[in-house]
Amino acid sequence: MSRAGRVAAATAAVLAAGVLAGVAAPPASAFRAGPRDVHPSLRGDLVAFYDFDHPVPGDEALERDQGRSGTEIELVNGGAAMRVRDRAYAGSGRALQTRQVEPTVAGNDDWKAGIFSASGVRTLRAFHAVAGTTVMGWFKVEMTEPRPNSNTADPADRYNAIGLAGVLTGDSDGHGVRALLELIDVNGELRLVALGRRLDGGNSQTFAAAQDWRALLPAGRWVHLAATFDFDSGTMALYRDGEPLAGFYTRTDDPWLVAGPGPHVTTASDPRGIKIGGSYPQDNREQNPCDCRMDSLMFLDRVLDAREIERQYRHMTHRG
């Protein structure tokens with residue numbers, strides 16, 4: 001069994017043990033009072049949280065979840081070496097390093113992180129039939145354009161996107177998402193986007209930041225990003241360092257099919273996982289690698305408003 005498979009199996013085993021014991025509470029690794037770097041008002045909505053300071057005892061290639069779900073993720077290919085000393089904000093410890101390893105070889109050696117299960121990740125059920133989601137965290141991009149595409153023979157071919165962090169759909173092959181922060185080509189220009197999909201097998205919608213991505217994510221600088229996905233109203237939003245970003249939708253129709261009577265929620269299926277720093281966390285293909293550092297990645301099961309996102313940003317940067 002691959003390490004990614006062991007992550008999913010271990011998570012399922014923890015859950016099953018709780019059921020057999022008659023315990024309805026989240027796994028023992030859940031947040032209890034909540035991680036100190038998360039504002040108290042958000043801790044109850046925090047499904048998963050990764051600060052990369054909590055390796056699983058006995059296997060440092062796995063990272064413990066500090067959110068309520070207890071969903072461990074794998075540090076794919078780089079293992080413990082992917083935890084680096086770099087502070088995104090005062091009080092943080094280590095960060096996650098992701099990167100492309102060999103651009104000329106169609107292999108599976110890129111450094112990325114996440115979890116994948118073809119049957120769905122049961123501990124991520126909070127994103128099953130959910131009306132809203134928020135994805136946020138700290139990112140330091142160490143690249144100025146997408147990396148060479150290792151899946152083609154043309155050395156000039158590059159990927160059309162740079163993967164940051166997101167939640168997969170219930171029918172995902174490791175690439176398709178319900179809620180994603182990334183950089184992607186929009187009409188011939190790379191842009192910071194929130195990309196969401198309400199229905200498994202359905203169409204996605206993209207909300208793209210109007211400002212040049214290189215100004216939003218200057219190389220070598222830590223930036224706090226957040227994306228919100230309101231599946232009921234069909235709207236999304238982007239934030240940088242606690243402030244909302246102006247942007248536009250790439251489609252003007254109704255890709256999420258929310259024009260009719262609601263409420264509207266995502267498909268009632270467990271997500272197949274989380275992807276960080278590129279697609280295919282099961283490590284069977286390379287796609288959209290990010291030469292980046294990331295810290296304090298948060299996945300919440302509701303839409304935060306602008307005031308809450310600013311409060312979380314200030315909680316981290318002013319706590320000291």
Side-chain angles (χ1 to χ4, degrees), residues 2-5 7-8 48 50 52 61-63 71-84 95-118 121 124 135-152 157-169 172-185 190-197 204 206 213 217 219 223 225 227 271-295 297 299:
S2 69
R3 187 181 297 273
V7 177
Y50 306 102
F52 306 104
L62 302 180
E63 177 71 14
T71 306
E72 295 171 355
I73 58 171
E74 180 189 355
L75 309 189
V76 180
N77 293 315
M82 295 171 64
R83 293 189 188 88
V84 295
L96 174 73
Q97 175 75 58
T98 62
R99 64 185 179 91
Q100 185 177 59
V101 174
E102 179 48 72
T104 64
V105 177
N108 293 310
D109 54 7
D110 287 351
W111 286 14
K112 52 193 171 185
I115 182 174
F116 180 85
S117 172
V121 178
L124 295 176
V135 177
M136 63 179 165
W138 290 88
F139 302 88
K140 181 197 281 188
V141 175
E142 300 169 318
M143 53 201 298
T144 57
E145 61 181 337
R147 288 304 184 210
N149 189 342
S150 63
N151 297 310
T152 68
D157 187 27
R158 291 181 177 269
Y159 293 107
N160 75 334
I162 300 170
L164 297 178
V167 178
L168 301 178
T169 60
S172 179
D173 62 353
H175 182 65
V177 289
R178 278 191 185 150
L180 175 70
L181 258 172
E182 77 171 343
L183 297 152
I184 193 170
D185 184 288
L190 201 67
R191 292 187 181 274
L192 173 67
V193 307
L195 188 152
R197 180 178 285 101
S204 65
T206 302
W213 79 272
L217 283 163
V223 175
L225 298 177
R272 286 191 172 179
I274 289 172
K275 65 176 185 178
I276 298 168
S279 292
Y280 303 101
Q282 70 270 44
D283 203 27
N284 63 351
R285 181 180 171 88
E286 297 173 340
Q287 191 78 28
N288 304 337
C290 185
D291 284 14
C292 303
R293 292 185 176 184
M294 308 181 191
D295 198 6
L297 300 182
F299 302 85

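Being a predicted model, the structure only gives us computed values, none of them experimental.
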In short, Thr98 meets Ile276 closest at the heavy-atom pair CG2-O, 4.5 Å
Notebook entry, point to check: Below 4.5 Å, heavy atoms only, C-beta onward: do Asn288 and Ile162 meet side chain to side chain?
Noted result: no
Test Glu74 against Ile115 for side chain to side chain contact (heavy atoms under 4.5 Å, CB included), laying out the working first. CA-CA 6 Å; Glu74 180 189 355; Ile115 182 174; over 6 Å; no
Q.
Applying side chain to side chain contact (heavy atoms under 4.5 Å, CB included) to Asn149 and Arg158, what does each step give before you reach the verdict?
A. CA-CA 5 Å; Asn149 189 342; Arg158 291 181 177 269; 5.6 Å; no
Point to revise | Minimum side-chain heavy-atom gap Leu192-Leu164 below 4.5 Å | key: yes
Hey, what's the ring geometry for His175 with Tyr280, parallel, tilted or perpendicular (30° and 60° as the breaks)?
parallel
Show the numbers, then the answer: is there a side chain to side chain contact (heavy atoms under 4.5 Å, CB included) between Lys275 and Leu168?
-> CA-CA 7 Å; Lys275 65 176 185 178; Leu168 301 178; 3.9 Å; yes
**Prompt:** Does any non-hydrogen side-chain atom of Phe139 lie less than 4.5 Å from one of Cys292?
**Reply:** no
Checking Asp110, Asp157, Asp291 against Arg147 for salt bridge (charged side-chain N to carboxylate O under 4.0 Å, His left out), the one that qualifies is Asp291
**Asked** Is any side-chain heavy atom of Leu217 closer than 4.5 Å to a side-chain heavy atom of Leu183?
**Response** yes
Item to check | Donor-acceptor contact below 3.5 Å, side chain Asp185 vs main chain Leu190 | outcome: no
> Between Asn77 and Val101, is a side chain to side chain contact (heavy atoms under 4.5 Å, CB included) present by the stated rule, with each step listed?
Replying inline: CA-CA 10 Å; Asn77 293 315; Val101 174; over 6 Å; no
Q.
In the structure I gave you, are the side-chain heavy atoms of Pro148 and Gln100 within less than 4.5 Å of one another anywhere?
A. yes
For Val76 and Met82 the tightest heavy-atom approach is O-SD, 3.4 Å
With sequence neighbours left out, the residues meeting salt bridge (Lys or Arg N to Asp or Glu O under 4.0 Å) with Arg272 are none
Heavy-atom side-chain proximity of Asn151 to Gln287 below 4.5 angstrom
yes
Rounding to 0.5 Å, atoms OG (Ser150) and CD (Glu102) come to a distance of 9.0 Å
What one should report as the nearest heavy-atom pair of Pro281 and Phe116 is CG-CB, 3.9 Å
Check whether any side-chain heavy atom of Ile184 lies under 4.5 Å from a side-chain heavy atom of Trp213, and answer yes or no.
no
Residue set satisfying salt bridge (Lys or Arg N to Asp or Glu O under 4.0 Å) with Glu286, at least two apart, ordered chain then number -> none
Closest non-hydrogen atoms of Thr169 and Arg178, given as atom of the first, atom of the second and distance, are CG2-N, 3.6 Å
Heavy-atom closest pair (Gly79 atom, Ala61 atom, distance to 0.1 Å) is CA-CB, 3.9 Å
In terms of heavy-atom contacts, Tyr50 and Glu63 come closest through CD2-CG, 4.1 Å
Here the gap from Ser279 atom OG to Leu180 atom CG, rounded to the nearest 0.5 Å, amounts to 7.5 Å
Next on the checklist: Any non-hydrogen side-chain atom of Asp283 less than 4.5 Å from a side-chain atom of Lys112?
Outcome noted: yes
With sequence neighbours left out, the residues meeting salt bridge (Lys or Arg N to Asp or Glu O under 4.0 Å) with Arg99 are none
